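Please read the structure below before turning to the comments.
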Amino acid sequence: MDTPAGQTALFEARDVSKLFGTFAANDKVSLVVQRGEKHALLGENGAGKSTLVKMMYGVMQPTSGRFFWRGQQVTIPKPAAAREMGIGMVFQHFSVFEALNVAENIALALPPQSMRGLSDSIAEVSEAYGLAIDPERAVHTLSVGEKQRVEIIRCLLQSPQLLIMDEPTSVLTPQETQVLFSTLNKLAEDGCAILYISHKLEEVKTLCDTATILRHGKLVAHCDPGKSSAREMAELMVGDNIANLARNGATQPGDARLEITDLTLPAVGDFGTALDRISLEVRAGEIVGIAGIAGEGQPELMDALTGERLAGTPGTIRFDGVPLGRAGPTDRRAAGAAFVPEERNGHAAISDLTLSENVILAHHTAERVAGGGWIDFGKAADWTRRIREAFDVRAGDENPAAGSLSGGNLQKFVVGREILRKPGVLIVSQPTWGVDAGAAAVIRQALIDLARDGAAVLVISQDLEEVFAICDRIAVIYHGTLSPAKPAAEMTAETVGLLMAGGTLAEDAA
């Protein structure tokens, strides 16, 4: 995209390349961002988006090419230099310290000041932008969505002239997203440029003025999101047609394979959410979705279902009729269950271990139950190849460290690792967090196919579009309580939104 005559671009990248060995993550990419512009940077997982913005923010250095700030060529050696110039960034993977509280985490990126004054500033920004957070709260007690708020507030307190946002709404509710968009529109009106990375193309259409599209590290297109359909942009991203979800072959659900009966657990710490008499069953052949705003009890429910927290009695949670409420994760996996937690880094996968090593961690119990003995590295390597082929997991090496993958590719690997085991019960939280449209379609179709093969699938998701696209029944979690699961055909986005805000179906009918 060219700079309008007589106007100096706020930021410009010219023919920027980044090589990792012989692999080109970016190949002569050029980008122009104007003052006050809301500019989308789009591309499939592994297209080079995150690499490009990390160079813009000084986290990485380009192999070749040049950057310009307000018309002057610049070198950005480190993030502190980018912040001094006026560039702020909200990362997809949170750069927070779990042992510190909110205010202490934010202080790390700001000039020295009193903690009392900083807490006051955080409270003001939180209230002004609808990003509620307690400055004194320990970060390890926050949900993923709440950690995202910390990142956004920290960046806004730097008063950036260019704000780079990498998947900022991946764990926000529709209501929180609307508040964020209102904030971004105000910032743009004041002259701040927004460079916005997202796989949610309807969001891009709503927010952005222009879009630059990358594919395999190369610039392939510019478009006006307001004039292009989400499907057109998605197909430019992946270079192919996007398949529609196939829900053919649906049958009547069978017996309950996952049963939760009066699950009650106290809150952990001062800021956790207590679970109050949660009951739900998921039957063979169906997908049940749990929607809800971040921090309403989803992490606590997931911990109880995986066995990371134990229920009061064994019969509170049953897999295929077997009481396992007091059993740990290994015994639950041995019973045929599989789990995908929402935090892929550190929880679903260990970043420093290879993909094959991560397969061993998740599959060793199932292999022994199936009579195959302990899984060895040869078998793990075979599993890794199968997962990468089935879910199009892209990486530079044959067996790279999990942490070297882009967020979307790691998500595809983690989900694929569990689905290809063909579990009887699959419990997955935020299945398509941070993945592109093509990968989301692959994951969602795999969940549908698994259920149609007789598994019981429970999906915890803040993406209402996803919940309605794949789920047979929908429940909503609010303040640690769960609404009855109703057929998706009987629910609307408005009804679910009402339940997410603490309303009832009776109020909706009224």
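Quick caveat, the model's predicted, so the values are computed rather than measured.
Judged purely by atom type and a 3.5 angstrom limit, Gln411 uses its side chain to pair as donor or acceptor with the backbone of Pro431. Using a distance-only test at 3.5 Å, with no hydrogens or angles considered, a donor-acceptor pair links the side chain of Thr63 to the main chain of Leu19. For the pair Arg35 (side chain) and Cys192 (backbone), a donor-acceptor distance under 3.5 Å is absent. A donor-acceptor pair under 3.5 Å links the side-chain atoms of Lys412 to the main chain of Asp392, judged by distance alone. Between the side chain of Glu232 and the backbone N or O of Ser229, at least one donor-acceptor pair lies under 3.5 Å. Checking side-chain atoms of Lys38 against main-chain N and O of Leu195 turns up no donor-acceptor pair under 3.5 Å. A distance-only check finds no donor-acceptor pair linking the side chain of Ser228 to the backbone of Met233 [under 3.5 Å]. Remark: side-chain polar atoms of Lys49 are paired, donor with acceptor, to backbone N or O of Gly43 under 3.5 angstrom. No side-chain donor-acceptor contact under 3.5 Å links Asn105 to the backbone of Val139. Remark: the backbone N or O of Ser198 is not paired with any side-chain donor or acceptor of Glu203 at under 3.5 angstrom.
For Glu98, the CD atom is densely surrounded, since the number of other residues' heavy atoms within 6.0 Å is greater than 12. Heavy-atom neighbours of Lys205 NZ from other residues, nucleotides or ligands within 6.0 Å: above the threshold of 12. By the neighbour-count criterion of 12 heavy atoms within 6.0 Å, atom CZ of Phe97 is sparsely surrounded, having that number or fewer from other residues, nucleotides or ligands. Crowding of Asp352 atom CG: a count of heavy atoms from other residues, nucleotides or ligands under 6.0 Å not exceeding 12.
Contact check for Leu410 versus Asn345: side-chain heavy atoms found under the 4.5 Å cut-off. Residues Phe20 and Met60 form a side-chain contact, since some pair of their non-hydrogen atoms from C-beta on lies under 4.5 Å apart. Between Met55 and Ile76, every side-chain heavy-atom pair lies at or beyond the 4.5 Å cut-off. Looking only at side-chain heavy atoms (C-beta outward), Glu286 and Val282 come within less than 4.5 Å of each other.
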- Message: Pair Ile133, Leu142 - check side-chain contact (heavy atoms from CB on, under 4.5 Å), show working.
- Response: CA-CA 9 Å; Ile133 202 77; Leu142 303 181; 4.0 Å; yes
- Item | CA sep, side-chain torsions, deciding dist, call: His199, Met237, side-chain contact (heavy atoms from CB on, under 4.5 Å) | CA-CA 10 Å; His199 292 113; Met237 289 164 55; 4.1 Å; yes
- Task: Please test Thr273 against Leu301 for side-chain contact (heavy atoms from CB on, under 4.5 Å), starting from the C-alpha separation and ending with a verdict.
- Result: CA-CA 9 Å; Thr273 299; Leu301 176 58; over 6 Å; no
- Could you check Ile474 against Val288 for side-chain contact (heavy atoms from CB on, under 4.5 Å), going step by step and ending with a plain yes or no? CA-CA 6 Å; Ile474 301 171; Val288 174; over 6 Å; no
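None of Lys147, Arg149, Arg154 except one satisfies the side-chain hydrogen bond (donor to acceptor under 3.5 Å, both in side chains) rule with Glu151; the exception is Arg154. For the side chain to side chain contact (heavy atoms under 4.5 Å, CB included) criterion with Val340, the lone passing option out of Gln430, Glu418, His347, Arg417 is Glu418. Shown are Asp449, Leu447, Val428; of these, the side chain to side chain contact (heavy atoms under 4.5 Å, CB included) with Ile419 is made only by Leu447.
Residues satisfying the side-chain hydrogen bond (donor to acceptor under 3.5 Å, both in side chains) criterion with Ser461, sequence neighbours excluded, are Glu466.
Here the CD1 atom belonging to Ile87 is positioned 6.0 Å from the CD1 atom belonging to Ile164, to the nearest 0.5 angstrom. Between the OG atom in Ser30 and the CG atom in Asp15 there is a gap of 4.0 Å [rounded to 0.5 Å]. In this structure, the separation between SG on Cys471 and CE on Met491 is 10.5 Å, given to the nearest 0.5 Å. With rounding to the nearest 0.5 angstrom, the OG atom of Ser126 is 8.0 Å from the CG atom of Leu157. Note that OG1 of Thr206 and CD of Gln178 are 9.5 Å apart. Values are rounded to the nearest 0.5 Å. To the nearest 0.5 angstrom, Ile197 atom CD1 is 9.0 Å from Leu42 atom CG.
Between Cys155 and Val90, the shortest heavy-atom contact is CB-CG2, 3.8 Å. Taking every heavy atom of both residues into account, Ala193 and Val33 meet most closely at CB-CG1, 3.7 Å. The shortest non-hydrogen separation linking Val496 to Ala291 is CG1-CB, 3.9 Å.
Asn185 and Glu189 are not linked by any side-chain donor-acceptor pair at a separation below 3.5 angstrom, with hydrogens and angles left out of the test. At a cut-off of 3.5 Å, with distance as the only test, no side-chain donor of Thr210 or His222 sits close to an acceptor on the other residue.
Ion pair Arg283/Asp472 not flagged as a salt bridge, since none of the NZ, NE, NH1 or NH2 atoms sits closer than 4.0 Å to an Asp/Glu carboxylate oxygen. In summary, Arg231 and Glu235 engage in a salt bridge, as defined by a charged side-chain N under 4.0 Å from a carboxylate O. Using a 4.0 Å cut-off between charged nitrogen and carboxylate oxygen, Glu44 and Arg394 count as a salt-bridge pair.
Judged as a side chain to side chain donor-acceptor pair (under 3.5 Å), the pairs with a partner in residues 72-87 (not counting sequence neighbours) are, in order, Tyr57-Arg83.
Using cut-offs of 30° and 60° on the angle between ring planes, the pair Tyr196 and Phe181 is perpendicular.
Ring centers of Phe391 and Phe413: at least 6.0 Å apart, outside the cut-off.
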